[in-house]
There are 2 protein chains.
Amino acid sequence: MTAPSDARARGTRLPRVRRRRQLLAAAQEVFVARGYHAAAMDEIADRAGVSKPVLYQHFPGKLELYLALLEEHSEALVEKQREALESTDDNRQRVTASFQAYFDFVAGDGEAFRLVFESDLRNLPAVREKSEETFQRCAELIGKVIRQDTSISDEEAHLLSIALVGMAETSARYWLNNHGSVPQNAAEQLVARLAWRGISGWDLTRSGEEDGDGD
Amino acid sequence: MTAPSDARARGTRLPRVRRRRQLLAAAQEVFVARGYHAAAMDEIADRAGVSKPVLYQHFPGKLELYLALLEEHSEALVEKQREALESTDDNRQRVTASFQAYFDFVAGDGEAFRLVFESDLRNLPAVREKSEETFQRCAELIGKVIRQDTSISDEEAHLLSIALVGMAETSARYWLNNHGSVPQNAAEQLVARLAWRGISGWDLTRSGEEDGDGD
DNA sequence: CACCGAACTTACGCAGCAGTAAGATGAGGG
DNA sequence: CCCTCATCTTACTGCTGCGTAAGTTCGGTG
């Protein structure tokens with residue numbers, strides 16, 4: 001039960017780029033564990049086995065350090081999502097792949113998803129914008145697929161995508177926090193099925209329908 | 001364009017309970033606008049037309065003040081949700097009512113929903129627990145309905161409920177932030193339809209199904 | 001009308017933490 | 001072997017903002 005990252009080798013000098021990578025890793029751990037506000041620059045430096053001014057030789061301030069991480073992981077999520085949707089032409093498979101991508105993102109990379117989904121700095125415009133932009137880009141990727149294969153209006157497709165992304169994000173986060181009760185695979189499949197049942201064949205039913213009542 | 005709340009009557013003495021209510025209202029405005037961290041006790045006091053120590057005669061500290069508001073609005077949401085689900089026996093109607101309740105909650109009460117859904121204090125256990133508890137209670141209300149009318153297993157029903165609540169929360173928040181593009185009514189209906197198509201008749205299809213591919 | 005207690009004020013202590021001089025240290029080239 | 005420059009350290013400053021000590025005003029009651 002020692003520190004998970006390298007506080008190892010306290011007192012070794014590192015070339016610039018290597019040190020920078022390590023500082024980012026240390027910062028991620030601390031920001032994820034404590035959130036932005038409770039994270040102290042001293043602790044980040046400590047965890048990297050280095051003193052505070054070194055941190056300031058690599059990043060102009062706490063905010064920029066945080067934004068670098070946020071940017072990196074936001075991009076990673078969108079990219080994962082894009083790959084998932086391009087991985088197949090079958091829309092049923094696309095839904096599965098898309099949810100899998102969300103769950104993978106949440107399950108991976110030292111819980112970095114908390115920076116993107118649970119930032120305690122959303123009141124800062126720069127952060128809010130980045131978060132929302134990421135969310136929207138994911139939704140837009142899905143919206144494009146929906147529009148492409150249906151006659152749903154742009155506006156409706158957009159809102160439906162938002163709802164689906166919200167569903168993915170929420171269930172993935174919940175699943176991770178209550179690990180152990182359900183394997184990732186089962187959780188993904190279940191939620192993907194819910195989503196697929198929701199959107200598939202949307203064209204065929206129109207606004208007035210009652211759709212039975214079996215629940 | 002004066003201050004929306006009562007900084008009016010600076011210098012009037014108020015009986016204890018009345019002052020308390022007013023302080024809570026002032027605090028809500030500031031916490032909603034700035035978030036917990038950026039909210040200053042001085043500003044809250046100012047907005048109530050009073051000096052800081054008065055605040056401390058009503059609440060032991062910033063945190064307790066915040067928790068009082070969080071508690072109040074969390075309870076309101078769960079209650080709204082409970083009423084919605086009890087308002088009818090028709091499950092299709094229940095879904096509509098449930099989403100409507102979410103949208104109403106988000107649309108109402110000076111954006112108090114931001115305290116419950118977008119708190120920048122989630123890293124504090126007390127706050128995290130309250131938020132998650134609220135979320136779970138909403139899901140549980142829905143889960144109970146699902147289980148009651150289907151043969152879905154408890155675990156599956158629970159995860160499905162989580163997904164649905166996530167969908168509601170996300171779409172309601174998104175809808176509010178991008179007001180104007182769609183009327184509340186339309187947004188509610190659209191998302192409710194997505195949800196209903198997702199869960200209704202779940203029993204009839206089983207795990208292996210392909211369910212067509214019309215998108 | 002004098003007194004009392006609740007409601008309120010000004011003015012400060014104090015702690016945590018981002019960011020910054022100014023100086024030490026060590027690896028590599030001449 | 002010594003000079004240089006990048007890397008790193010110790011030790012500080014300054015600010016912001018919560019919480020409080022001590023003193024003031026005003027409505028009501030005997």
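Residue numbering restarts at 1 for every chain, and letters A, B, ... go by the order of the sequence lines. Being a predicted model, the structure only gives us computed values, none of them experimental.
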Within the structure, does a side-chain N or O atom of Arg19(A) lie under 4.0 Å from either OP1 or OP2 of dC8(D)?
-> yes
Using side-chain hydrogen bond (donor to acceptor under 3.5 Å, both in side chains) as the criterion, point out the one residue from Gln93(B), Arg92(B), Gln100(B) that pairs with Thr96(B).
-> Arg92(B)
Between atom CG in Leu23(B) and atom P in dC8(C), what is the gap in whole Å?
-> 8 Å
When all nucleic acid strands are considered with a 4.0 Å heavy-atom cut-off, which category describes Ala45(B): base, sugar-phosphate, or nothing?
-> nothing
Given dC8(D), dG19(D), dT9(C), the nucleotide with the shortest approach to the side chain of Val50(B) = dT9(C)
Just compare dT9(D), dA6(C), dT9(C) and give me whichever is closest to any side-chain atom of Pro53(B).
-> dT9(C)
Integer-rounded Å distance: dT9(C) C1' and Asp46(B) CG | 13 Å
Closest to the Tyr56(B) side chain: dA7(C), dT20(D), dA18(C)?
-> dT20(D)
Assert yes or no for the condition that the ring centre distance of Phe117(B) to His73(B) is strictly below 6.0 Å.
-> no
Pair Glu86(A) + Arg94(A), salt bridge at N-O below 4.0 Å = no
Side-chain contact check for Lys52(B): nearest option of dT20(D), dT25(C), dA21(C) is dT20(D)
Considering only heavy side-chain atoms of Met41(A), the closest of dG26(C), dA18(C), dC8(C) is dA18(C)
Considering only heavy atoms and no angle criterion, is a donor-acceptor pair shorter than 3.5 Å present between the side chain of Arg13(A) and the base of dT25(C)?
-> yes
